[in-house]
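Scroll down for the structure; my scribbles are underneath it.
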Amino acid sequence: MNCPLFSSKATEYLVDNIPRKLRLPRAGKFDSLLLAATTNSAPIKPPHQRRSRIIAEMSLKNGTAASNDSAFRFPIPPEQSDDMGKPLVPDFSDDEKVKQYIHDRRVIGYDPLLAPSFLLHKLPTSSESLRTTALARYRASQIIQGQSSDLLVIVGPCSIHSPAQALHYARLLKTQVDAGRFPRLLILMRTYFEKPRTTIGWKGLINDPNIDGSFAINDGLQTARKLLHDITSMGIPVASELLDTISPQYISDLLSWGAIGARTTESQLHRELASGVSFPIGFKNGTDGSVSTAIDAMSSSSHPHAFMGVTTTGLASIVKTRGNDDVHIILRGGSSGPNFSSEHIQDAFEKIQKSGTRTFPSIMVDCSHGNSQKNHLNQPKVITSLCKTLTSTSGPESSLPPHARHITGVMIESNIREGKQSIPSSYSATRDSLVNGAKIISNLDELETDKDDGEVKLKYGVSITDACVDWDMTMTMLDELNEAVERRHQLLHPST
Ligand SMILES: O=C[C@H](O)[C@H](O)COP(=O)(O)O
Ligand SMILES: C=C(OP(=O)(O)O)C(=O)O
């Protein structure tokens, strides 16, 4: 059969010819393409896996309801039970029945995931994007290593749910950066695609790009990569959280900085991952406010590691890393309260010094999360306090205290419009022109009328995860920061 796999003709051919029962429920375009491509060559699954797939498909046909508290909007098959409907117990009279107790009792499906190399080939980087990324990595590294007194600023939405709106935000940022408004700030756009959740909730654009429980992860990866490419090609470098340990293979060549979140800073897997990435990494303090967790992470990641991972072709491999010296802490507050004050920063600085880490003690302050108590209106207050710390001199020589020199970064959760909104229960981005970009927004004042045309929509430019400050407030905060960093520069280098 002569059938080039990824032409649109081939897609039509394959999609028309795969047995209906093998198609994914509510799959995105990319999913059906890949499913089709891999179905032809997929190895025959062992009987227990075929059985669970068949059970899943039968339940889909029969419409078994998903449990109410699950994000899955497609049916979840019931657990295996005996003939009386009781939970299965191992039946030692028959090996096949024993196996039912061993394999896939809780896995309800394995869908094909495209290989990173496929996406890297399909969406290569532009030379503009490469330059933007490399330059920002270099400048961020200089700041983190204490070789530049500029400030690294990670600013942007809590999470990306609409590529069109993210591009809108990037264009707003570009206009100000290109105009030279913040000469002392190295600004990277927060472009977060993966959200760690305290319990459950929407886990970001890669995991569920349609925001409807269809989990079209292949589409999510493609959308994320395309967006990173478009933003960096405009000349705006990007920053993201590394939450999944496989997904960086799909997008990390486009990132200039990464975060390991408060919920994963203590994870060995994430420390190993951080030790091998080609860009600087910030570790959040723990959700309980623990700074030592992040300091341990900095130390661990600055050393070489060997661990299990995947290559860009998707092959399992033993990854060996050199260790990452471009690591720093991010003070984000926690259940024990905020930690952005001058005293907290001094304490963190002294703890990093005492820990004997071989890297420059480098501190970023997150204005949001535990430091804002999740109220976006507190973020400007964190900036004002930080600016004071950056510029307050002390002692007979009126000099800057050492910890003020070691503040190297700031994080702000900001969006086009302020606050946050919840996701309506019957929402799907596939039906929302404001999210999928079919409608280009030019005048934000007109938006109020957009939401009431009979469809379930999200408000344009408003976060669907944590509350953000709006664009005007963002500019005010960045102006204040730029001025304080300039003042600090003069204090550190009076002759320039
Ligand atoms: O940054 C976003 C959130 O703080 C993080 O994902 C946790 O969110 P949750 O507590 O609402 O699950
Ligand atoms: C989830 C985030 O932060 P934290 O890990 O500090 O909760 C975030 O920055 O999006």
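As the structure is a prediction and not an experimental result, all values here were calculated from the model. Ligands are counted one by one from 1 in listed order, and the atoms in each one are counted from 1 as well. One-based numbering along the sequence shown.
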*Which is it for R197 and ligand 2 at heavy atoms under 4.0 Å: side chain, backbone, both or neither?*
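None of R197 does.
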*Record the part of A259 in heavy-atom contact with ligand 2 below 4.0 Å; permitted values are side chain, backbone, both and neither.*
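Looking at A259 and ligand 2, no heavy atom falls under 4.0 Å.
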Looking at [Y] and [X], is any side-chain nitrogen of the basic one under 4.0 Å from a carboxylate oxygen of the acidic one?
X    : Y    : result
D366 : K284 : yes
E194 : K203 : no
D466 : K420 : no

Under 4.0 Å from a heavy atom of [X]: which atoms of ligand 2 are those, numbered in the order shown and with their elements?
X    : value
R263 : 4 (P), 5 (O), 7 (O)
R190 : 8 (C), 9 (O), 10 (O)
Y192 : 8 (C), 9 (O), 10 (O)
P196 : 1 (C)
G261 : 5 (O)

Would a distance-only check, ignoring hydrogens and angles, find a side-chain to backbone donor-acceptor pair under 3.5 Å from [X] to [Y]?
X    : Y    : answer
S299 : T357 : no
S141 : R137 : no
R190 : V155 : no
E418 : L377 : no

_Does the residue P196 have a heavy-atom contact with ligand 1, meaning some pair of atoms that are separated by less than 4.0 Å?_
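Yes, that is the case, since the closest heavy atom of the residue is under 4.0 Å from the ligand.
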*Would you indicate which of R332, H369, K374 comes nearest to atom 8 (C) of ligand 2 when only heavy atoms are counted?*
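Comparing heavy atoms across R332, H369, K374, the nearest one to atom 8 (C) of ligand 2 lies in H369.
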Please check whether [X] reaches ligand 2 - meaning an N/O of the residue sits under 3.5 Å from an N/O of the ligand, judged on distance alone.
X    : result
K195 : yes
A262 : yes
K284 : yes

Only heavy atoms of [X], strictly under 4.0 Å: list the atoms of ligand 1 that pass.
X    : value
C158 : 1 (O), 2 (C)
D466 : 1 (O), 2 (C), 3 (C), 4 (O)
K195 : 1 (O), 2 (C), 6 (O)

*When rounded to the nearest 0.5 angstrom, what is the spacing between NZ in K459 and CZ in R417?*
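It comes to 7.5 Å.
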*asked:* Would you call the rings of W471 and Y169 parallel, tilted or perpendicular, taking 30° and 60° as the class edges?
replied: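 Rings of W471 and Y169: perpendicular, over 60°.
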*asked:* Once you measure the plane-to-plane angle for H168 and Y460, does it fall in the parallel (<30°), tilted (30-60°) or perpendicular (>60°) bin?
replied: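 Plane angle between 30° and 60°, so tilted.
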*Heavy atom of the protein closest to atom 11 (O) of ligand 1 (residue, atom name, distance)*: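 For atom 11 (O) of ligand 1, the nearest protein heavy atom is R197 NH2, 3.0 Å.
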*asked:* For atom 10 (O) of ligand 1, what is the closest protein heavy atom, and at what distance to 0.1 Å?
replied: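 Going atom by atom, the protein heavy atom closest to atom 10 (O) of ligand 1 ends up being T198 OG1, 2.4 Å.
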*asked:* Heavy-atom pairs closer than 4.0 Å: do any link ligand 1 to the side chain of R332, the backbone, both, or neither?
replied: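 Answer for R332: neither.
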_Step-by-step side-chain contact (heavy atoms from CB on, under 4.5 Å) determination, L151 to L186_ = CA-CA 6 Å; L151 195 78; L186 171 62; over 6 Å; no
